[in-house]
Amino acid sequence: MRQVIIIGSGPAGFTAAIYAARANLEPLVVASSVEVGGELMNTTDVENFPGFPDGIQGPELMTKMQAQAERFGAEILYDDVIELDLTGPVKTVKLGSGAVHQASSVIFATGSAYRKLGLPGEERLSGRGVSWCATCDGFFFRDRTIAVIGGGDSAMEEATFLTRFASKVYVIHRKDSLRASKIMQERAIANEKIEFVWNTEVADILGEDAVNGALLRSTVDGSTRELPLDGIFVAIGNDPRTHLVHGKLELTPEGTIWVHGRSSRTSEPGVFAAGDVIDPTYRQAVTAAGSGTVAALDAEHFLAALAQTGDPQTAEDVEVATETPDRETDEAETGVPAA
């Protein structure tokens, strides 16, 4: 039986693996059979991750994280979790291959999934002009006219990247202003290949065997028009991948996994969560990595307490008591108010 199983292989999962491996917990990382590395595998230039002053490609960053985790002894398994039993002292993880693994603790770091428009043509034309990944599919739209749907950082990054290939990139946004960071807005607005279509939503995606346009609808007066296009890239956000723990762990109103305060402790003793599955607000690679650190440290403390008590609930109580200083005692002994 394992000490810890980490489910997920993005910045949170691999960082948790690095810390857990360095603590001699010999973590097993279930990294997925097809989506190893998380969302950063679909990202081009990462310029805001500390330590890379000239930026780094998303896939390269994740490859380095994985190599670092493996260097310290983490075992990476390319498979998918299909069922979990998180109750009791032994956590059971069943995989798509049929294999079953057990551990005293689990770190859940499955990230988030691309949000879809919900239009019939979106699924029908997926891979035939509809995409959620510019780095995956941008090359196929050389000298074509395409559109990016969205108004956040991801949409601006996708649009800017796609100008390397496309002759024209429309950015379609429901409002008259962007929610993207200022620097990402400035880059997109300054790019002569990008044209913004404001106060507009996509009502339908047109084409039989391939995308040939979009039906646009004004969010101001409801009027519609067709826009000829060769491709559509959807960049409207992400949803946390929590389907495996519905009914097993407590969730927040935003749909993320509930954790206790600033910790990674979930509603089930011995189960910890990190990254986008607990973060509806910031959702950055660096915050996910920090969250993975917290989860690994929490798991390490829990396992140490478990070795002493033998009971998961008691171990969690001991862990909480150890990590939560008495404010009045601290102030009395030091003369300085507790933070």
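Residue numbers start at 1 and run along the sequence shown.
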Answer yes or no: are there more than 12 heavy-atom neighbours, outside [X] itself, under 6.0 Å from its atom [atom1]?
X: R115; atom1: CZ; answer: yes
X: R2; atom1: CZ; answer: yes
X: R128; atom1: CZ; answer: no
X: E254; atom1: CD; answer: yes
X: H246; atom1: NE2; answer: yes

Donor-acceptor pair, distance only, cut-off 3.5 Å: does the side chain of [X] make one with the backbone of [Y]?
X: T219; Y: N199; value: yes
X: S167; Y: R144; value: yes
X: S9; Y: F14; value: no
X: E250; Y: S267; value: no
X: K94; Y: V100; value: no
X: T160; Y: M156; value: yes
X: Q185; Y: A180; value: yes
X: D298; Y: S264; value: yes
X: H173; Y: S177; value: yes
X: S291; Y: A274; value: no

Find out whether [X] and [Y] are in side-chain contact, i.e. whether some heavy atom of one side chain is under 4.5 Å from a heavy atom of the other.
X: P89; Y: D311; result: no
X: N212; Y: L229; result: no
X: W198; Y: L178; result: yes
X: K64; Y: I56; result: yes
X: T256; Y: D279; result: no
X: Y78; Y: V36; result: yes
X: P280; Y: T252; result: no
X: I257; Y: P240; result: no

message = Whether E195 and K168 form a salt bridge (side-chain N of Lys/Arg under 4.0 Å from carboxylate O of Asp/Glu) is what I want to check.
response = yes
Quick one: pull up [atom1] in [X] and [atom2] in [Y] and give me the separation to the nearest 0.5 Å.
X: L86; Y: E268; atom1: CG; atom2: CD; value: 6.5 Å
X: S131; Y: F141; atom1: OG; atom2: CZ; value: 6.5 Å
X: D153; Y: R179; atom1: CG; atom2: CZ; value: 9.0 Å
X: D276; Y: T281; atom1: CG; atom2: OG1; value: 11.0 Å
X: E158; Y: I149; atom1: CD; atom2: CD1; value: 11.5 Å
X: E300; Y: Q3; atom1: CD; atom2: CD; value: 9.5 Å

ask   = Do D221 and S223 get their side chains close enough for a donor-acceptor pair, meaning under 3.5 Å?
value = yes
Donor on one side chain, acceptor on other, S32 and D80, under 3.5 Å = yes
ILVMFWY network linking [X] to [Y], side-chain heavy atoms under 4.5 angstrom:
X: L215; Y: L227; result: no
X: I189; Y: L162; result: yes
X: V294; Y: I107; result: no
X: L28; Y: F302; result: no
X: I172; Y: L125; result: yes

Any idea which heavy atoms bring [X] and [Y] closest together, and the distance?
X: G111; Y: V277; answer: O-CG1, 3.3 Å
X: L244; Y: E83; answer: CD2-N, 4.3 Å
X: G8; Y: V29; answer: O-CG1, 3.6 Å
X: P59; Y: M41; answer: CG-O, 3.5 Å
X: A155; Y: V148; answer: O-CG1, 3.6 Å
X: T15; Y: A289; answer: CG2-O, 3.2 Å

request  = For the residue pair F49 and F52, categorise the inter-ring angle as parallel (less than 30°), tilted (30 to 60°) or perpendicular (more than 60°).
outcome  = tilted
key: Worked verdict on L77 versus L95 for side-chain contact (heavy atoms from CB on, under 4.5 Å)   = CA-CA 10 Å; L77 193 60; L95 306 181; 3.4 Å; yes
Residue among L84, I6, T266 satisfying side-chain contact (heavy atoms from CB on, under 4.5 Å) with F108 = L84
key: Matching residue for V81 among I7, V106, T110, I5 - test: side-chain contact (heavy atoms from CB on, under 4.5 Å)   = I7
request  = Show your reasoning for whether side-chain contact (heavy atoms from CB on, under 4.5 Å) applies to D137 and F233.
outcome  = CA-CA 9 Å; D137 302 324; F233 288 79; 4.2 Å; yes
Residues V259, F272; criterion side-chain contact (heavy atoms from CB on, under 4.5 Å); working and verdict = CA-CA 8 Å; V259 291; F272 308 90; over 6 Å; no
Intermediate values then yes/no, side-chain contact (heavy atoms from CB on, under 4.5 Å), E75 and E26 = CA-CA 7 Å; E75 180 183 349; E26 300 179 338; over 6 Å; no
